[in-house]
Amino acid sequence: MPFLELSIACKASEEARVETALNELGALCVSLLDAADAENEKAILEPGVGETPLWNDIVLLALFDAGTHEGLLLHALDAYDSGIDWAGASFRIVEDQDWERAWLDQFEPMRFGERTWIIPWHREAPPEAADGVIIRLDPGLAFGSGTHPTTALCLQWLDGLDLQGRDVLDFGCGSGILALAALKLGAASAVGVDNDPQALIATQDNAERNGVGRALQVHLPEAEPERQYPVVVANILASALIALHDTLAARTQSGGIIALSGILKGQEPEVLDAFAPHFEALTVTQLDDWIRIDGRKR
């Protein structure tokens, strides 16, 4: 059967209020999209440790029963929370479908750097990936699949390294995409850390399905072994990076390298200030509105 879809844009600071109101007024489901990529409906951000992954500008999509009256719904939403500008909401009728399959059908093989390919399980590898490194994943908004610039920046960085025989820490692992890429690129072992138990399950499952499960360990932050690594990558939000700068520095061995991502343009000065006492040769790389910082432990 068809559904009534309500679409409304808001700031990240308003997201919780908007989503609560929609759920309280009977939304069957609520999805979040990056407003910059809402037309493509494929923006993905891996969650950070201790953080909720939200973009600055968000579009919320809520599905209601097809018989829902648009005007009455807006009136009820305004009565529930008049502090939200519900006048900006728009509606359309959408047909029932296999939503997950529709999303998967839009996901294409992607190359990062010279060698690394992320390819969904339902797609054939393109001929140009024959000599590359292939990681098989199904996309998911909760855990990330590489389409967001923060993940792409980290994949490009890993692709340019010589990882043969090295151990890698993926802090804020989400789907495990970065740990998997490191292992496929020759790393001897990888450790994934995330505060979401479901992310750890997804990471381990993805590793098993990609044939690298034995080389991967996953831990909650409080259970993570206190050891050092020659390669550390942290794709989490800038605020979390700053809060965890001492921890991430302690996990990087002397002379080891680190990549920090999840940083919006304009946030990099504060991140650089936090990590400069521990790292040298800090380099800033930008993709769209997102920043990666990488450097070497003193």
Side-chain angles (χ1 to χ4, degrees), residues 19 29-33 42-54 98-107 109-110 112 116-123 133-148 150-152 154-155 158 163 167-185 187-227 229 231-237 240-241 244 247-248 251 259 261-262:
E19 185 173 358
C29 68
V30 179
S31 302
L32 279 63
L33 298 173
K42 66 173 187 178
I44 297 175
L45 180 63
E46 295 189 23
V49 175
E51 295 287 338
T52 300
L54 293 178
D98 185 338
W99 300 104
E100 181 179 3
R101 178 51 50 191
W103 165 235
L104 290 175
D105 288 344
Q106 298 177 21
F107 190 59
M110 295 175 292
F112 301 90
T116 306
W117 287 83
I118 307 298
I119 302 177
W121 286 101
H122 68 290
R123 295 280 187 175
V133 169
I134 294 175
I135 300 99
R136 290 281 187 176
L137 285 179
D138 282 336
L141 184 61
F143 300 124
S145 58
T147 63
H148 196 275
T150 59
T151 310
C154 293
L155 288 169
L158 289 169
L163 294 175
D167 299 325
V168 176
L169 172 63
D170 178 3
F171 202 92
C173 58
S175 65
I177 185 172
L178 301 179
L180 268 63
L183 292 170
K184 290 279 193 170
L185 288 164
S189 70
V191 171
V193 176
D194 204 289
N195 70 333
D196 185 346
Q198 292 301 315
L200 301 185
I201 293 172
T203 294
Q204 193 66 61
D205 180 66
N206 286 329
E208 296 291 344
R209 296 178 71 192
N210 278 273
V212 294
R214 292 185 178 181
L216 175 72
Q217 296 181 11
V218 295
H219 302 283
L220 293 168
E222 61 269 22
E224 176 205 356
E226 294 188 9
R227 55 169 292 197
Y229 302 83
V231 181
V232 175
V233 58
N235 184 24
I236 54 182
L237 300 182
L241 291 171
L244 292 164
T247 297
L248 292 170
R251 296 293 182 268
S261 194

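None of the values given here were measured: they were computed from a predicted structure.
- Looking at Q217 and S189, their side chains never come closer than 4.5 Å, going by heavy atoms from C-beta outward.
- T247 places none of its side-chain heavy atoms less than 4.5 Å from the side chain of P221.
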Test side chain to side chain contact (heavy atoms under 4.5 Å, CB included) on T151 and F112 and set out the steps.
-> CA-CA 10 Å; T151 310; F112 301 90; over 6 Å; no
Any chance you could lay out the side chain to side chain contact (heavy atoms under 4.5 Å, CB included) test for L155 and L178, step after step, and finish with the verdict?
-> CA-CA 7 Å; L155 288 169; L178 301 179; 3.7 Å; yes
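- Residues Q204 and L216 share a closest heavy-atom pair of OE1-O, 4.0 Å.
- Screening I134, I177, V133 for a side chain to side chain contact (heavy atoms under 4.5 Å, CB included) with I118, the sole residue that qualifies is I177.
- Listed by chain and number, the residues in a side chain to side chain donor-acceptor pair (under 3.5 Å) with R209 amount to none (sequence neighbours excluded).
- Between N206 and L180, the closest heavy-atom pair is O-CD2, 3.6 Å.
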For F171 and L248, run side chain to side chain contact (heavy atoms under 4.5 Å, CB included): C-alpha distance rounded to whole Å, both residues' side-chain angles, the deciding distance at 0.1 Å, then the answer.
-> CA-CA 8 Å; F171 202 92; L248 292 170; 3.8 Å; yes
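- Enclosure of atom CD in E222 by more than 12 non-hydrogen atoms of other residues, nucleotides or ligands within 6.0 angstrom is indicated.
- In this structure, the separation between OG1 on T203 and CG on D170 is 7.0 Å, given to the nearest 0.5 Å.
- Between R251 and E224, at least one side-chain nitrogen of the basic residue sits less than 4.0 Å from a carboxylate oxygen of the acidic one, meeting the salt-bridge criterion.
- Looking at heavy atoms from C-beta onward, L220 lies out of side-chain contact with D194 at the 4.5 angstrom threshold.
- A215 and A188 get closest at one heavy-atom pair: CB-O, 3.8 Å.
- Atom CG of L244 sits about 5.0 Å away from atom CD1 of I236, to the nearest 0.5 Å.
- Among all heavy-atom pairs drawn from S175 and L137, the shortest one is OG-CD1, 4.3 Å.
- In terms of heavy-atom proximity, I135 sits nearest to A181 at CD1-CA, 3.9 Å.
- No side-chain donor-acceptor contact under 3.5 Å links R123 to the backbone of P109.
- When all heavy atoms are compared, the tightest approach of G192 to L200 is O-CD2, 4.2 Å.
- The closest side-chain heavy-atom distance from T116 to L185 is below 4.5 Å.
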Verify side chain to side chain contact (heavy atoms under 4.5 Å, CB included) between V191 and D167, making sure each step is shown before the conclusion.
-> CA-CA 8 Å; V191 171; D167 299 325; over 6 Å; no
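- For the pair K184/N210, a side-chain contact is recorded, criterion being any heavy-atom separation below 4.5 Å from C-beta on.
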